[in-house]
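None of these values were measured; they are calculated from a predicted model. For the numbers below, each heavy atom of this structure counts, side chains included, while hydrogens, waters and symmetry mates do not.
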Amino acid sequence: MNRIVGIALIVIGAIVFMMGFNRKNSLVGEASSVGTSVANSVDGGARTPKHVGYMIVGGLLAVAGIGVTARGSSRLP
């Protein structure tokens with residue numbers, strides 16, 4: 001059961017990461033990056049575009065899936 005959950009987390013993490021990566025390379029992502037940098041330069045904030053959040057969450061899900069899969073396979077049945 002742990003392997004199934006781990007593999008599901010890896011797949012979902014990869015999908016979310018790719019959503020962020022595709023958004024980064026799109027026109028919407030470029031506009032978001034420019035808008036965020038302009039807003040940060042005006043008021044000194046620490047904003048990040050949405051695609052960064054997608055990529056971070058996707059990476060964390062994939063790492064969690066690898067951890068669950070590795071932990072589940074080391075136990076004896």
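The side chain to side chain contact (heavy atoms under 4.5 Å, CB included) check on Ile12 picks up Val16, Leu61, with sequence neighbours excluded. For the side chain to side chain donor-acceptor pair (under 3.5 Å) test, no residue two or more places apart in sequence or in another chain qualifies with Asn22.
Taking OG of Ser32 as the reference point, atom NZ of Lys24 lies at 12.5 Å (rounded to 0.5 Å).
Looking at heavy atoms from C-beta onward, Ile66 lies in side-chain contact with Ile10 at the 4.5 angstrom threshold.
In this structure, Met18 belongs to a hydrophobic cluster whose other members, linked by side-chain heavy atoms under 4.5 Å apart, are Phe17, Phe21, Met55. Membership of the apolar cluster around Ile56 extends to Val52, Leu60, as traced through chained side-chain contacts below 4.5 Å between ILVMFWY residues. In the hydrophobic clustering (ILVMFWY side chains linked at under 4.5 Å, chained through shared members), Val34 is joined by Val38, Val42.
Nearest heavy atoms, Arg3 versus Thr69: O-OG1, 4.3 Å.
Applying the side chain to side chain donor-acceptor pair (under 3.5 Å) test to pairs two or more places apart or on separate chains, those with a residue in residues 46-56 are Asn40-Arg47, Asp43-Arg47.
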